[in-house]
Amino acid sequence: PDVGVYRSHLGVALSKAGNCKDAVPELREAIRLSAGYAETYLQLGICLSRQGRTEEAREAWNKAVAIDSQGFWAEAARHELLKLSREKRE
């Protein structure tokens with residue numbers, strides 16, 4: 001079995017539960033094990049953004065777009081990038 005997928009699911013669940021402190025290490029480990037999942041990068045970006053780590057969040061969202069340029073996760077990552085750029089201008 002692909003352990004990276006399991007770590008990704010755990011990280012995503014922690015992120016969606018609002019527990020970014022524990023989600024970030026799980027998501028990073030998931031990426032180390034299996035770097036090809038756009039949702040993992042999307043959720044990592046969301047947690048990093050919540051922690052005020054906007055440049056790291058931007059990098060994660062850009063990777064999500066690069067992995068899945070036409071898919072749902074890429075669209076969600078583009079939405080987060082757009083929100084980030086709007087916040088920066090305000």
Side-chain angles (χ1 to χ4, degrees):
D2 186 348
V3 177
V5 172
Y6 297 118
R7 299 296 288 264
S8 177
H9 289 302
L10 175 58
V12 168
L14 290 165
S15 172
K16 289 183 177 182
N19 185 354
C20 287
K21 177 181 175 272
D22 292 330
V24 168
E26 290 297 332
L27 294 166
R28 289 198 188 279
E29 181 63 8
I31 289 166
R32 188 187 72 75
L33 294 168
S34 298
Y37 297 103
E39 183 184 15
T40 307
Y41 285 100
L42 172 69
Q43 290 299 327
L44 177 61
I46 289 169
C47 275
L48 292 169
S49 179
R50 287 179 185 160
Q51 293 175 337
R53 299 159 65 183
T54 56
E55 287 309 310
E56 290 175 83
R58 182 186 321 277
E59 289 174 19
W61 291 326
N62 282 325
K63 286 181 183 175
V65 171
I67 290 169
D68 184 28
S69 64
Q70 300 301 314
F72 174 80
W73 304 119
E75 187 61 33
R78 282 189 197 95
H79 176 74
E80 295 297 331
L81 287 163
L82 183 61
K83 284 186 349 187
L84 191 61
S85 69
R86 285 182 181 158
E87 290 170 7
K88 195 172 185 177
R89 282 187 263 152
E90 293 176 356

Would you give the length of the straight line joining atom [atom1] of [X] to atom [atom2] of [Y], rounded to the nearest 0.5 angstrom?
| X | Y | atom1 | atom2 | value |
| --- | --- | --- | --- | --- |
| Asn62 | Arg78 | CG | CZ | 10.0 Å |
| Gln51 | Ile46 | CD | CD1 | 12.5 Å |
| Glu59 | Leu44 | CD | CG | 10.0 Å |

Any side-chain heavy-atom pair of Leu27 and Val12 under 4.5 Å: yes

side-chain hydrogen bond (donor to acceptor under 3.5 Å, both in side chains) partners of residues 10-32, not counting sequence neighbours, each pair once: Arg7-Glu26, Ser15-Gln43, Asn19-Asp22, Arg28-Glu56, Glu29-Arg32

Residue pairs fulfilling side-chain hydrogen bond (donor to acceptor under 3.5 Å, both in side chains) with at least one residue in residues 65-74, sequence neighbours excluded: none

If you look at every heavy atom in [X] and [Y], which pair is closest and at what distance?
| X | Y | result |
| --- | --- | --- |
| Arg50 | Cys20 | NH1-SG, 3.5 Å |
| Gly45 | Ala57 | O-CB, 3.3 Å |
| Ser49 | Trp61 | CB-CH2, 3.7 Å |
| Thr40 | Ala30 | CG2-CB, 4.0 Å |
| Val65 | Ala77 | CG2-CB, 3.9 Å |

Residues in side chain to side chain contact (heavy atoms under 4.5 Å, CB included) contact with Ala35, at least two apart in sequence or another chain: Ile31, Tyr41

With sequence neighbours excluded, residues passing side-chain hydrogen bond (donor to acceptor under 3.5 Å, both in side chains) with Arg86: none

same_hphob_cluster(Phe72, Leu81) at 4.5 Å side-chain heavy-atom cutoff: yes

Members sharing Leu10's hydrophobic cluster (side chains within less than 4.5 Å): Leu14

Salt bridge (Lys or Arg N to Asp or Glu O under 4.0 Å) partners for Glu55, two or more places apart: Arg58

